[in-house]
Amino acid sequence: MVNSTFFLVLRRMRAPIILLIVLYAISVFGLTLVPGIDADGNPAPPLSFFHAFYFISYTATTIGFGEIPNAFSDAQRLWVIVCIYLSVVGWSYSVITLIALLQDKGFQNTLTASRFQRRVRRLKEPFYLVCGCGETGGLICRNFDRLGQAFVVLEKDELRVEELDLLDFKTDTPALAADASLPDNLLLAGLQHPKCRGVLAVTNDEHANLAIAIAVHLLAPKLPIIARARSPSVTANMASFNTDHIINPFERFAEHLALAVTAPERFRLIELLTSLPDSPIPAPHRPPHGHWILCGYGRFGQAVGERLQAAGIRLSIIDPTAPGGDERIVGDGTEARTLIAAGIADASGIIAGSDNDVNNLSIAVTATELKPDLFVVTRQNQAANSALFQAYGPEFAMVPSHIVAHECIAILTTPLLARFLSELGARDEAWCHALVERLQTLCDGLTPTVWSIRLNASEAPAARLSLMRGRAFSLAEILRDDSDRSRQLPAIPLLVERSDRIHLLPDSDFELAAGDQLLFASSLNTLDRLKLTLQNANEIDYVLDGKTHSGSWLWEKVEAWLAPQKPATEGSQVARKGSSEMASTPRKIACAAGSTDTATSRSDLPNIADEK
């Protein structure tokens with residue numbers, strides 16, 4: 001890319017450079033032919049080639065210096081006047097051409113791409129390649145940034161790329177306005193970069209997502225890919241290229257709505273675990289059974305209709321292209337007469353599922369005017385209309401960008417969550433309700449962060465070392481507060497995986513072993529503190545055994561300095577309470593000096609690839 005920029009400049013500046021060379025050659029050659037005069041006014045030979053070149057070099061560039069080595073003759077001055085005007089014309093042409101080159105859109109794109117490539121090449125931490133930064137991609141990027149996960153963006157719309165610079169991201173994210181469906185652009189964005197951990201094809205064009213999936217499969221077959229699709233044909237085509245995760249927002253919402261009807265507590269549990277971390281807890285949904293009206297029978301309507309009918313819901317369908325019949329009414333549902341003809345008087349719920357947000361709001365308002373206690377489900381196609389839908393306040397809203405973003409975040413940050421969710425089918429509503437109650441009180445009105453960690457040398461070195469040395473511990477022991485071990489951290493262990501065997505909601509006295517993979521639900525603050533405990537030898541020594549020394553040279557000096565200030569009965573509970581604040585700060589200093597694994601950041605979140 002650097003070479004292409006260099007050669008582009010040479011190609012555009014070829015004519016001005018050649019012109020300047022010719023003008024300089026003529027000027028220098030002329031001065032070597034025109035006779036001069038000496039200091040006494042007598043005729044003298046012309047200037048040498050060196051003196052002529054030296055004089056033209058500073059004269060033609062408007063620097064000005066003087067007539068050397070002697071004053072010029074009139075003939076020489078006449079020739080210099082010609083040279084001056086020739087050089088002004090040549091330099092003016094060159095400057096104008098250079099300004100035009102700098103303003104050229106193609107040259108600016110080349111410079112931008114070159115700068116983007118350099119930034120991607122210099123990335124030192126694992127990152128994900130996000131293809132498409134519209135409503136879905138923007139939501140994913142904001143949550144990646146909040147979680148400390150690095151990412152690179154390819155977006156076709158240049159305006160959206162410029163808007164990324166206005167967002168308050170923690171890091172300077174590489175972003176390029178380019179078509180992500182082109183393989184060259186994917187390679188430019190680091191598809192084959194050793195730190196690339198996966199690709200997200202979440203553009204609004206499902207055919208572009210298909211092209212991205214194919215390119216990733218052929219150019220980087222080991223990279224996992226998450227792709228967004230809508231039609232069954234594109235979904236099947238993606239599956240034929242071994243796309244790891246295919247998200248159809250229509251199918252996902254249909255599954256959720258049907259599950260909310262048949263198993264509301266299980267749906268509530270899934271909703272809490274897959275929501276974006278630290279977002280307000282959504283209101284519970286309790287769709288009723290009985291007769292429903294479905295407005296709009298496109299791809300979304302068909303997906304919802306199939307799931308609801310399988311759940312025992314009787315449907316009346318309103319669609320402009322629907323053939324007339326007992327359960328099919330021709331219309332769009334915005335008029336009261338079509339809703340009355342569909343049987344709204346005895347209906348329990350209505351789904352405004354057209355591809356037009358204004359029509360969907362009109363359907364919802366008209367339906368609630370006819371029957372105020374109707375359960376209303378709306379389809380929101382554009383996130384920009386969120387204010388309108390919030391003002392109306394439907395019981396259930398389907399926003400495709402949110403559905404795709406939620407699932408992408410859940411898959412990427414916690415691959416173990418899929419195993420937990422797969423086990424819910426064997427659990428009854430009472431079990432799900434009990435866990436929902438615990439989760440709702442965990443983070444003070446916010447959704448918990450679901451995350452996983454493996455007790456191995458790379459993710460939890462201190463915990464693994466302790467286990468390998470024979471110091472066994474339970475879940476309750478590692479969940480002690482790292483500032484006061486008498487308190488427990490607010491976290492729920494959801495699952496422990498050991499040798500492909502899973503333990504769902506393990507008890508607090510569950511004994512852990514090296515290599516175990518743990519799935520937790522907690523706040524982001526608890527996540528950081530628990531990771532520090534598992535990764536730092538000083539922290540785990542304190543939470544397990546109450547030891548507050550690290551053995552490092554710096555800590556020994558600090559401990560010696562603090563020794564006279566410690567109470568005589570340091571082992572007692574009273575002494576521990578009185579010195580907890582004093583011991584906490586030096587212990588943090590010791591963590592920085594006595595261990596190589598003290599730094600924990602949210603960029604250490606688990607990747608798609610489950611590295612042992």
- Message: When you compare the side chains of D482 and T533, does any donor N or O come within less than 3.5 Å of an acceptor on the partner?
- Response: no
If the plane angle is over 60° it's perpendicular, under 30° parallel, otherwise tilted; pick one for [X] and [Y].
X    : Y    : value
H256 : F267 : tilted
F151 : F144 : tilted
F396 : F253 : perpendicular

Could you give the distance from [atom1] ([X]) to [atom2] ([Y]), rounded to the nearest 0.5 Å?
X    : Y    : atom1 : atom2 : result
Q390 : N385 : CD    : CG    : 11.0 Å
C133 : L176 : SG    : CG    : 12.5 Å
I350 : H291 : CD1   : NE2   : 9.5 Å
L475 : D509 : CG    : CG    : 8.5 Å
N360 : L388 : CG    : CG    : 12.0 Å
F473 : L455 : CZ    : CG    : 6.0 Å

Looking at [Y] and [X], is any side-chain nitrogen of the basic one under 4.0 Å from a carboxylate oxygen of the acidic one?
X    : Y    : result
E206 : R299 : yes
R529 : D481 : yes
R268 : E429 : no
R307 : E251 : yes

- Task: Carefully, step by step, assess Q380 and S386 under the rule side-chain hydrogen bond (donor to acceptor under 3.5 Å, both in side chains).
- Result: CA-CA 8 Å; Q380 180 185 334; S386 295; 3.0 Å; yes
- Option among D205, N209, T136, N248 that satisfies the side chain to side chain donor-acceptor pair (under 3.5 Å) test with R228: T136
Under 3.5 Å, side chain of [X] to main-chain N/O of [Y], donor-acceptor pair present?
X    : Y    : answer
T243 : A213 : no
H217 : F241 : yes
K371 : A345 : yes
T366 : I363 : no
E395 : V376 : yes
Q488 : A476 : yes

- Task: Check G343 against I293 and note the closest heavy-atom contact, atom names and distance.
- Result: C-CD1, 4.2 Å
- Message: Tell me whether R438 at atom CZ has more than 12 heavy atoms from other residues, nucleotides or ligands lying less than 6.0 Å away.
- Response: no
- Message: Let's go through F250 and F300 carefully: what are the C-alpha distance in whole Å and the side-chain angles of both, what is the deciding distance for ring-ring contact (aromatic ring centres under 6.0 Å, His included) to 0.1 Å, and is it a yes or a no?
- Response: CA-CA 5 Å; F250 297 160; F300 171 74; 5.6 Å; yes
- Message: Applying side-chain hydrogen bond (donor to acceptor under 3.5 Å, both in side chains) to D355 and N381, what does each step give before you reach the verdict?
- Response: CA-CA 6 Å; D355 58 359; N381 298 281; over 6 Å; no
